Every structure is written in C-alpha cells, then in structure tokens.
Amino acid sequence: MAQPSYYTLVFAVTREIPRGRVSTYGAIADFLALGSARMVGWALNNSFHEEDVPAHRVVNRKGELTGRNHFPTPTLMQERLEEEGIRVEDNRVADFDEVFWHPKVLGMDYEVKVD
DNA sequence: GAGTTGACGAGCA
DNA sequence: ATGCTCGCCAACT
C-alpha cells in the first residue's frame with residue numbers, strides 16, 4: 001500500500017503508547033480524525049496480525065478492558081497491563097485518569113513511518 | 001446488492 | 001447516576 005490506510009495509522013499510534021500508559025479508541029480516532037472509534041477497534045482486531053502492536057494498552061473511554069475477549073486468553077490483557085504497573089480492577093483501569101495517554105502529544109506534525 | 005454486526009462515543013430520557 | 005438510542009463506516013453473511 002503506497003498510502004497508509006486507517007489501520008496503518010492506528011497501528012502506528014498504538015505502538016507509540018508509552019509503557020505503563022493506556023489510550024482510548026476515541027482518542028486515537030479523534031487524533032487521526034477517522035470519524036468513528038469503532039474503526040479503531042476494528043483495526044486493532046486486525047492488529048493481531050501484527051506483532052509490535054500493544055493493543056492491550058487501548059481501552060474504551062471508561063477505561064474498561066472491553067477487548068480482552070478478543071485476546072488469545074481473556075486474562076492476557078489484564079496481566080500485561082498489571083505487568084506494566086497499571087492497576088486493573090474488575091476489568092477496568094483503576095488509575096485510568098493518571099495513566100491515560102493522548103496521541104496528541106506526538107504533535108500535529110507527526111508523520112507515520114510506513115515502510 | 002442489502003442488511004447486520006461491532007475492541008465505541010456522545011446525547012438524551 | 002443509570003440506561004437506551006443514534007451515529008460511524010468497514011467487514012461479514
């Protein structure tokens with residue numbers, strides 16, 4: 001693909017999520033101006049085809065681990081987050097407001113590196 | 001080709 | 001505050 005499609009952008013931004021931080025579908029969709037957070041979720045579903053996409057760091061707006069059912073094992077997502085120092089209680093990020101990360105910190109001039 | 005589904009979000013009752 | 005509805009747009013049946 002010569003030009004990056006929306007999932008390529010989603011993958012790129014998701015990879016930029018710092019360790020110990022989480023982002024949301026809406027934040028990524030808003031940053032990429034995709035128009036809908038569902039597209040981000042769908043894109044991340046295909047992220048399993050990729051390897052370096054930390055999809056476990058992407059949660060919904062409430063901080064709930066809604067995508068855990070789509071992981072190889074439903075507990076993998078929570079385990080990985082806790083492993084990064086993120087407290088997860090009842091399928092939800094406890095310190096969500098603190099660990100929340102918005103892609104806008106990348107800057108508006110952020111260019112996706114696509115090979 | 002048409003209708004339904006979905007890792008969501010915002011608005012409204 | 002909780003619950004329901006609508007909008008988004010690509011993929012799937």
Side-chain angles (χ1 to χ4, degrees):
Chain A
M1 48 174 83
Q3 292 182 335
S5 28
Y6 67 85
Y7 12 107
T8 308
L9 298 171
V10 172
F11 296 157
V13 173
T14 304
R15 288 195 191 96
E16 297 302 319
I17 300 177
R19 178 185 171 86
R21 291 288 171 88
V22 296
S23 188
T24 68
Y25 307 97
I28 297 173
D30 180 63
F31 174 69
L32 298 176
L34 296 178
S36 182
R38 290 191 170 202
M39 304 296 94
V40 178
W42 206 100
L44 283 176
N45 188 10
N46 285 275
S47 72
F48 286 105
H49 194 270
E50 303 289 324
E51 293 183 1
D52 296 327
V53 181
H56 60 275
R57 293 181 187 156
V58 183
V59 296
N60 69 359
R61 186 222 168 292
K62 303 173 193 169
E64 297 172 333
L65 282 53
T66 51
R68 72 186 194 162
N69 280 324
H70 293 259
F71 277 75
T73 58
T75 55
L76 180 62
M77 187 173 186
Q78 178 172 345
E79 289 179 8
R80 273 188 150 176
L81 289 174
E82 290 180 336
E83 187 178 344
E84 296 184 357
I86 300 175
R87 291 195 305 170
V88 178
E89 295 182 7
D90 192 35
N91 303 324
R92 184 170 62 145
V93 178
D95 297 322
F96 176 65
D97 293 331
E98 297 181 15
V99 299
F100 173 70
W101 177 86
H102 196 286
K104 73 177 183 181
V105 300
L106 293 174
M108 299 179 68
D109 295 329
Y110 173 71
E111 296 182 8
V112 179
K113 284 80 177 180
V114 193
D115 192 346

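Below, each value reflects all heavy atoms present in this structure, side chains not excepted, and no hydrogens, waters or symmetry copies. If you're wondering where the values come from, they're calculated on a predicted model, not measured in any experiment. Proteins come first, then strands; the chains are lettered A, B, ... in the order of their sequence lines, and each starts at number 1.
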Legend entry - For A:Glu83, all residues meeting salt bridge (Lys or Arg N to Asp or Glu O under 4.0 Å), sequence neighbours excluded: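 Counting only residues at least two positions away or on another chain, A:Glu83 forms no salt bridge (Lys or Arg N to Asp or Glu O under 4.0 Å).
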Legend entry - side-chain contact (heavy atoms from CB on, under 4.5 Å) evaluation trace for A:Val59 with A:Met77: CA-CA 10 Å; A:Val59 296; A:Met77 187 173 186; 4.1 Å; yes
Inset, instruction - Pull out every residue in residues 72-99 of chain A that has a heavy atom closer than 4.0 Å to any atom of DNA chain B, ordered by number, or say none. - result: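 When residues 72-99 of chain A is checked for heavy atoms under 4.0 Å from DNA chain B, there are no hits whatsoever.
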Inset, instruction - Strictly below 4.0 Å, heavy-atom distances to any atom of DNA chain B: list the hits from residues 39-51 of chain A, or just say none. - result: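 The stretch gives A:Met39, A:Gly41, A:Leu44, A:Asn45, A:Ser47, A:Phe48 as the residues lying under 4.0 Å from the strand, ordered by number.
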Inset, instruction - Over 60° means perpendicular and under 30° means parallel, so classify the ring planes of A:Phe48 and A:Phe71, tilted if in between. - result: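 Taking A:Phe48 first and then A:Phe71, their aromatic rings stand perpendicular (interplane angle over 60°).
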Inset, instruction - Return the orientation label for the A:His102 and A:Phe100 ring planes: parallel under 30°, perpendicular over 60°, tilted otherwise. - result: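 The rings of A:His102 and A:Phe100 stand perpendicular, inter-plane angle above 60°.
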Legend entry - Boundaries of the chain A footprint along DNA chain C (any atom under 4.0 Å from a heavy atom):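 Span of nucleotides near chain A: C:dG7 to C:dA11.
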Inset, instruction - Please state whether the phosphate of B:dA10, meaning OP1 or OP2, lies under 4.0 angstrom from any side-chain nitrogen or oxygen of A:Arg61. - result: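 Result: yes.
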Inset, instruction - Mind running side-chain contact (heavy atoms from CB on, under 4.5 Å) on A:His56 and A:Glu84 for me, showing each step along the way? - result: CA-CA 11 Å; A:His56 60 275; A:Glu84 296 184 357; 3.1 Å; yes
Inset, instruction - Indicate yes or no: at least one non-hydrogen side-chain atom of A:Pro54 is less than 4.5 angstrom from one of A:Thr14. - result: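 A:Pro54 reaches A:Thr14 side chain to side chain.
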Legend entry - Flag side-chain contact, heavy atom, 4.5 Å: A:Phe96 against A:Thr24: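 SC-SC contact between A:Phe96 and A:Thr24 confirmed.
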Inset, instruction - Evaluate the side-chain contact (heavy atoms from CB on, under 4.5 Å) criterion for residues A:Val58 and A:Val22: first the C-alpha distance (whole Å), next the side-chain angles of each, then the deciding distance (0.1 Å), finally the verdict. - result: CA-CA 6 Å; A:Val58 183; A:Val22 296; over 6 Å; no
Legend entry - Listed partners of A:Arg80 passing side chain to side chain donor-acceptor pair (under 3.5 Å), at least two apart: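 Testing A:Arg80 for side chain to side chain donor-acceptor pair (under 3.5 Å), a comparison that skips the adjacent residues, returns none.
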Just list the side-chain donor-acceptor pairs under 3.5 Å for residues 61-70 of chain A, sequence neighbours left out, or say none.
from	atom 1	to	atom 2	distance (Å)
A:Glu64	OE1	A:Asn60	ND2	3.2
A:Arg68	NH1	A:Asn91	OD1	2.0

Legend entry - Value in whole Å for how far the P atom of B:dT5 lies from NE2 of A:His70: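 It is 15 Å, rounded to the nearest whole Å.
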